[in-house]
Structure formats: structure tokens, C-alpha cells
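The next block holds one structure in the form of C-alpha cells; read it before the comments.
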Amino acid sequence: MRIKFPDNSAKEYEAGTTGLEIAGDISQGLARNSLIVRFNSELCDLTKPLYDDGSIEILTFRDEEGKKALRHSCSHLMACAVQKLYPGTRLGIGPSIEDGFYYDFNIPEFPGISVFKKIVAEMKKQVKENTPFIRKEMSFEEAVALFEQKGEKYKLELLEELRDAGESISVYSHGEFVDLCRGPHVPSTGYLKHFELLSTAGAYWRGDENNEMLTRIYGTVFDSPANLKEHLSMLEEAKKRDHRKLGQELELFIIGGDGGPGLTYWLPAGTIVREELENHWKKAHIKAGYQLVSTPHIAPVGLWKTSGHYDYYRDNMYFLSIDKGEYALKPMNFPGHIIIYKNSKRSYRELPMRLAELGMVYRYEKSGVLHGLMRVRGFTVDDGHIFCTEDQIVEEIQKVVRFALYFLNIFNFGYRIELSLMDPEDPGHYAGKPEEWRKVQLALAKALDEMGEAYRSVVGEAVFYGPKIDIKMKDALGRFWQGPTIQFDFNIPQRFNLTYVGNDGQEHRVFMVHRALYGSVERFIGNLIEHYAGNLPGWLAPHQVVILPITEYQLEKAEEVESILTSLDIRCAIDSRNETVAYRIREAETSKIPFMLIIGEREVESDSVALRIHIEGDRGSMKLDEAIEIVMVGCRRPELP
RNA sequence: GCUGGCGUAGCUCAACUGGUAGAGCAGCUGAUUUGUAAUCAGCAGGUUAGGGGUUCAAGUCCCUUCGCCAGCUCCA
């Protein structure tokens with residue numbers, strides 16, 4: 001048979017050769033690292049004998065599919081160990097997930113995380129035995145008989161669905177353990193040396209809250225001890241950077257508790273961070289051709305009935321009655337912007353019209369989903385709405401994408417673009433006609449293509465009123481977060497009958513783009529805190545400079561320095577407490593203050609200061625002017641776009 | 001919302017099977033006049049989240065409300 005490789009070269013092999021043998025033919029290293037193969041675009045086990053001509057791709061841990069196979073295989077290994085230690089355990093499902101895998105079980109009397117050691121020991125034993133994973137195809141009836149005999153009721157439920165879908169049935173076994181599984185798997189349990197069990201949690205069978213709750217065990221597995229270790233230390237680091245912890249330590253904000261779950265109280269230091277972010281945002285938006293507006297926090301319910309949000313999101317809104325009317329706390333800002341747009345008859349000469357507002361919105365989030373600043377019930381959307389003609393769509397979208405990337409670049413976030421499309425299987429969820437959707441989705445794709453930005457399309461992620469471009473931002477630990485979102489909307493302009501008069505004197509339908517770059521100011525600050533581990537860049541640092549006179553005899557000089565820095569718009573304070581210098585430096589360091597200016601007798605005599613920079617350490621004495629210059633550079637606000 | 005866990009001083013945590021709520025840091029007062037990550041001493045700080053119950057006796061056991069944490073479902 002003739003086998004083609006990804007580089008387009010080809011080679012003859014005897015029929016019945018396996019992917020593993022082909023990998024070994026290429027190099028021993030590849031054979032060692034290979035996990036599964038893609039043969040004629042189908043994923044299969046390395047040990048599967050191949051008989052036909054075709055193209056092959058050997059997949060390792062570097063490939064997403066290879067990683068998945070390794071992780072999924074490990075979930076089988078764990079399931080086997082759990083079932084062995086806790087007879088009577090029924091199996092749910094055990095997929096690979098980003099960064100690991102899990103398996104859902106119904107375990108009678110599971111004692112919890114304390115028994116991880118026992119499970120790990122059993123898994124290690126099986127890794128050592130290096131038992132092969134064996135695939136077996138069988139008829140539906142055979143499979144039912146097999147799992148009935150084992151009492152695996154969940155598997156029987158899954159089987160029913162596979163029958164309805166007309167899929168062929170395969171099972172994988174290693175040793176005594178058998179599981180219904182599509183595969184592929186790595187060749188044997190010996191591949192699974194570098195695993196760790198991480199946590200346990202409850203999870204509904206099939207993710208449905210009406211079903212019974214199973215025990216889910218999370219774990220992860222890597223191809224090498226170094227990669228496993230790196231991942232585990234990343235998890236540790238993430239814990240240290242938790243914005244809730246840092247927010248409390250740095251006295252940035254309070255959230256929940258007596259103040260009400262999901263509600264944020266910004267402390268003075270946190271308010272400075274907010275203000276800086278918001279001020280820069282405002283300046284940048286004005287420069288980019290936006291007009292700032294401001295709209296109320298409540299609005300009559302009729303507005304949300306017209307927009308369609310009442311029908312879609314009523315359960316997540318807060319209502320109040322005023323006089324004889326019903327009002328709602330705004331869950332979004334755009335109706336206010338629509339009212340502003342409709343304030344007068346609009347001409348094509350005014351378009352594109354870009355309105356922007358840092359608007360606080362309130363959404364009822366279920367109590368269990370609240371999470372620090374990342375998920376709250378009241379938050380500030382840095383909202384912008386662009387009203388434009390059809391011809392302007394592509395250019396406006398591109399401008400917004402560039403603007404969004406400008407913001408991410410300020411903070412050194414990486415990014416990944418997703419184009420969220422409608423789900424053609426579920427047209428009822430979306431407002432508007434499918435052909436309109438198709439047209440607009442193509443326009444968004446065109447906008448990205450022209451810019452040369454890579455993106456991936458995600459079907460079914462669109463908002464009900466239109467497709468969107470989501471930019472996920474990547475932080476210093478490599479984690480992705482919800483970032484800027486650019487939502488096209490051809491629906492709401494119709495509902496609100498938004499028009500403009502064209503140069504032909506006729507009224508035309510206007511098009512609308514919703515966009516947020518920080519997303520939520522609250523969540524964005526949460527992201528920044530974790531991204532920078534609390535060491536915010538100078539311009540955002542609540543306290544930028546602390547001045548430390550060594551004794552009270554240098555207090556006068558310190559006050560002089562303070563007044564110079566204050567006049568230069570630097571946030572500084574003197575710490576002249578009756579404590580040792582070491583004590584006060586320690587406090588400034590733990591408060592993550594970027595700059596410390598220490599003034600002793602020597603400095604007073606020579607009009608200099610000793611500069612110490614947070615984390616870096618002592619920079620020694622220098623002329624005051626020189627130190628001020630370093631501070632000014634370190635606290636400089638970002639350039640406008 | 002669901003399942004599970006947790007709630008002790010401003011913060012971090014002690015208090016064996018029910019038996020007098022304690023420490024460090026922070027705070028306040030005083031001494032010390034300090035040269036690059038914690039000077040010393042003293043003082044004060046609590047309805048053990050709220051409510052109810054069992055008991056001679058409850059931080060500890062039971063019920064309940066609230067809040068927090070993890071995960072699930074959800075996230076315009």
C-alpha cells in the first residue's frame with residue numbers, strides 16, 4: 001500500500017503495517033513520542049493495522065488530538081482503579097478536557113479526596129503493568145448484553161442514543177476493565193506515567209440539573225515529568241495570584257458579604273485603578289471618533305420588550321415598579337443609546353455614528369456562579385454602539401478589531417480570535433432570517449480575512465440578534481479569558497425602526513455594531529491583577545511612590561520631594577512613621593508600590609535620593625532629578641492609538 | 001439554583017472524644033532616631049455569622065436562615 005505523509009512525500013508499505021511501525025520507520029524518536037495517527041482524516045489507534053492507500057499523520061502530545069487521546073486514555077485508567085477499589089461503582093462519562101480529563105462515577109459511599117492516594121497507587125501499578133488498550137467493535141445487541149451484565153446503567157443510556165444516531169459501537173478494554181468508547185487510545189497504560197489527580201466535585205449526569213448527581217474526579221496527564229510539573233506549578237501560581245486574595249491584601253475592593261452577593265465596593269486604592277483605566281478609555285475613544293454619552297440605570301420595561309431581551313432574558317433581570325409603570329434595572333446599555341440615536345432624524349452625513357459609555361448594568365446571576373470580580377451581579381460595560389450604513393460595516397468592524405488589539409497590547413495580553421456563528425440546527429433561537437445571517441457572517445469573515453487575522457469559527461455561539469467576533473485574551477500564565485467582543489446586529493435596528501436619510505433623500509435601515517473592549521471593567525481589573533500578579537504597571541498602581549525619610553530630621557526634605565512629585569501628577573506619600581527603614585521598606589514592598597525614595601542625611605546634603613524599585617531592589621543614591629525622571633518614565637500612561 | 005465543604009478578633013490561624021475562647025500580624029500607648037523586606041514593652045480587641053433546639057454544660061451535637069469556597073448548569 002502507498003502511504004502519503006504530510007510533507008507530500010510517499011512510501012510503499014506492506015498491507016497490515018500499523019501506524020506505530022510506520023512511525024518507527026521514520027525515526028525512533030517519533031515512534032517513542034507518537035500517540036495516535038490520523039489516517040485518511042480519521043483518527044485511529046497506533047496499533048491498528050492499515051490496509052489501504054492513504055495519507056497518514058503521526059500525532060504526538062504536541063497535537064491537540066494526540067493530547068486528547070492521552071488524557072482520555074488516562075480517564076480509563078482512573079476509572080479502572082476506582083472500580084477496582086470501590087466495587088459497585090457505575091461509570092458515567094470520562095472525556096478529556098482542556099488541561100486534563102475527568103470521569104463521572106456513581107460511587108457508593110465515596111470517602112472523598114482523602115483516598116486519592118489509594119487511587120493513584122492503583123493507577124501507578126497499572127501503568128507499570130503496561131497493559132494494552134484493546135479496541136473491539138461489536139453489534140449493538142452485543143454491547144447491550146455486555147453492559148447489562150455489568151450493570152452499567154449509564155452506559156446503556158448512552159448506547160440507546162448511539163443506536164438512534166446509527167453509529168457503530170466500539171469498546172476499549174485494558175485488563176479486566178471495559179468501557180464503551182469511540183477512541184482512539186494510546187497503545188497501552190505504560191504511556192500514562194505522568195499523571196496527577198487534582199480534585200473532586202459533584203456533576204449532574206449528562207449535565208442536566210434534573211438528573212442525579214455523580215462524583216466527578218478531575219485529573220491531568222502529560223507526556224513528560226517536566227511538562228506535568230510545569231502545569232502543576234502553574235496551578236500553584238494561579239492560586240497565589242487569585243485576584244480575590246490580592247484584592248483584599250492590596251485593599252482594592254470588597255465584594256459580597258454584608259454588601260450583598262455579587263456586588264462590588266471599590267476601596268480608595270481600587271478606585272484609582274478603575275479611574276485610570278476609565279480615563280484612558282475615554283481619551284482613546286474620543287480620539288477614535290466616539291462620542292461619549294451617559295444613560296440612566298433604570299428604564300421602562302417596554303424598551304426591553306421592543307429589543308427582545310425581555311423575552312430572552314427576563315429571568316435574569318431585576319424589576320421595580322414606579323408610579324403605575326414597570327421598570328427594569330438595565331442589563332445592557334444599548335437601549336439608552338438607541339434613544340439617543342432616535343433623538344433626531346439622522347442623515348447619512350452623520351454616519352458612522354459611534355456612541356460610547358461606561359455604563360453600569362445589573363444582571364441576576366445564580367448565586368452559585370458568582371466569582372470575585374469575574375462574575376458579579378452589577379458591573380460596568382465599556383459599551384460602544386456604532387450606527388452605520390451597509391457599506392461601512394466591514395471598515396467599521398476592522399477599526400474596532402484594531403482598536404481592541406490596541407487595548408490588549410497596552411497590557412501585553414496575547415489573543416485568539418473567534419468568529420461566533422449561528423447554529424443552523426437551531427434557527428428558532430435566533431431573530432432574523434437565515435439568509436441575512438449568512439450575508440452578515442460572510443461580511444465579518446471578510447473583515448478579518450482582509451486584516452490577515454487568523455480566527456476560528458465557532459458554530460452556535462452567536463448572540464440571538466447577530467453574529468460576533470470574540471477576542472479571547474491570553475494572560476501571563478497562558479490562560480485565556482473573555483476579552484473584547486464585537487457583535488454585529490441587524491435585528492435591533494429593525495425592531496426599533498432605526499433609519500437614516502441617504503443622499504437619495506430616502507430613508508434607509510441603519511446597521512448597528514455593539515462592542516466592548518474591556519468587556520466588564522470589573523472583570524478586566526480581575527484579569528489584570530492575576531496577569532500582573534498584583535504588580536500593576538506604574539500608571540495603574542494606586543500608590544506610585546513612597547518617600548521614606550530615615551529619621552525625622554529628613555522630614556522637611558521629604559516634604560519638598562513630595563510636593564515636586566505631586567505637582568508632576570505622581571501619586572506619592574511620605575511614610576515617616578516611627579519605625580525602622582527596613583520595616584517601612586518591607587511594607588512598601590508587600591504593598592507592591594513601584595518606587596521608594598529613601599532620604600537620609602547624605603541625600604539631604606547632596607540634593608539626592610536613594611531609589612529603590614519594587615522587586616528589582618536598591619538602585620542607590622542619585623540626584624533627585626535623575627530619580628524623578630526614572631519615576632516619570634515608569635508611571636507614564638500609555639500612548640493614545 | 002443544585003451537590004458537597006466551610007464560617008472563631010480587622011487579617012492568618014489554634015482550642016483532644018462537649019468542660020474557663022487563645023496566638024501571631026495589624027491597631028492604640030510609650031520607649032527607641034533608626035541606611036534597604038519585621039526594634040522593644042505595655043494595652044485593647046469576641047453574643048465563636050444570625051436564629052432556634054438537645055444537654056448540668058455547646059465554638060464543638062441537631063434544625064434553620066445568611067454568607068463564602070469548589071464543581072455542575074448558566075453567562076445577552
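Lettering of chains follows the sequences in order, A, B, ..., and the numbering in each one begins at 1.
- Between Phe387(A) and Tyr341(A), the two ring planes are parallel [angle under 30°; tilted spans 30° to 60°].
- For Lys366(A), the listed nucleotide lying nearest its side chain is U73(B); candidates were A76(B), U73(B), G35(B).
- If you check distances only, the side chain of Glu603(A) does reach the base of G35(B) with a donor-acceptor pair under 3.5 Å.
- Backbone-only engagement by Tyr465(A) is indicated by non-hydrogen atom pairs under 4.0 Å involving sugar-phosphate atoms exclusively.
- A side-chain contact (heavy atoms from CB on, under 4.5 Å) with Leu548(A) is found for exactly one of Ile598(A), Leu597(A), Ile574(A), namely Ile598(A).
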N/O contacts under 3.5 Å, protein versus nucleotides 43-46 of chain B?
none

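- For Glu601(A), counting side-chain heavy atoms from C-beta on, the closest listed nucleotide (A37(B), A76(B), G35(B)) is G35(B).
- One atom, CZ of Arg577(A), and another, C1' of G27(B), lie 11 Å apart when rounded to the nearest Å.
- Nearest nucleotide to the Arg612(A) side chain, out of A76(B), A37(B), G67(B): A37(B).
- Once rounded to the nearest 0.5 Å, the distance linking CD1 of Ile585(A) with CG of Asp618(A) reads 7.5 Å.
- Between Val513(A) and Ile397(A), the shortest heavy-atom distance links the atoms CG2-CD1, 4.2 Å.
- Following rounding to the nearest Å, Tyr318(A) (OH) and A76(B) (P) show an atom-to-atom distance of 16 Å.
- Between Phe105(A) and Tyr103(A), the ring center distance clears the sub-6.0 Å criterion.
- For Thr580(A) and U39(B), the shortest distance from a side-chain N or O to OP1 or OP2 is below 4.0 Å.
- When the nucleotides A37(B), U33(B), U12(B) are ranked by their closest atom to the side chain of Tyr553(A), U33(B) comes out on top.
- Between the CD atom of Gln248(A) and the P atom of C25(B) there is a distance of 19 Å, rounded to whole Å.
- Using atom P as the reference point in both G7(B) and A15(B), the two lie 12 Å apart (nearest Å).
- Of the candidate nucleotides G27(B), C75(B), A37(B), A37(B) has the atom lying nearest to any side-chain atom of Thr590(A).
- Stacking here means ring centres nearer than 5.5 Å and ring planes tilted less than 30 degrees, and by that measure Tyr313(A) stacks onto A76(B).
- Panel note: side chain Lys623(A), backbone Ser606(A); a donor-acceptor pair is recorded below 3.5 Å.
- Listed by first and then second residue, the salt bridge (charged side-chain N to carboxylate O under 4.0 Å, His left out) pairs involving residues 512-526 of chain A are Arg274(A)-Glu522(A) (not counting sequence neighbours).
- Rounded to an integer number of Å, the gap from OH of Tyr265(A) to P of G10(B) is 19 Å.
- Here the P atom of nucleotide U73(B) and the OH atom of Tyr102(A) are 7 Å apart, to the nearest Å.
- Of the candidate nucleotides G35(B), G1(B), A76(B), A76(B) has the atom lying nearest to any side-chain atom of Asn316(A).
- Put simply, Tyr583(A) has no side-chain N or O that comes within less than 4.0 Å of OP1 or OP2 on G35(B).
- When the C1' atom is compared between G19(B) and U34(B), the two are found 50 Å apart, to the nearest whole Å.
- For Glu552(A), taking side-chain heavy atoms from C-beta onward, the closest of the listed nucleotides U33(B), C72(B), U34(B) is U33(B).
- Residue Arg244(A) has its side chain nearest to C69(B) when only G1(B), C69(B), A76(B) are considered.
- Within 6.0 Å of atom NZ in Lys472(A), more than 12 heavy atoms from other residues, nucleotides or ligands are found, so the atom counts as buried in its surroundings.
- We find that NZ of Lys330(A) is positioned 15 Å from C1' of A76(B), with the value rounded to whole Å.
- Listed nucleotides U73(B), A76(B), U36(B) differ in distance to Tyr204(A); the shortest reach to its side chain belongs to U73(B).
- Atom NE2 in His371(A) sits about 16 Å away from atom P in U73(B), given to the nearest Å.
- The side chain of Thr551(A) lies closest to U34(B) when the candidates are A38(B), U34(B), G1(B).
- For Arg216(A) and Tyr102(A), the positive end sits near the middle of the six-membered ring, less than 6.0 Å away and at most 45° from its axis.
- Taking atom CD of Glu579(A) as the reference point, atom P of A31(B) lies 14 Å away to the nearest angstrom.
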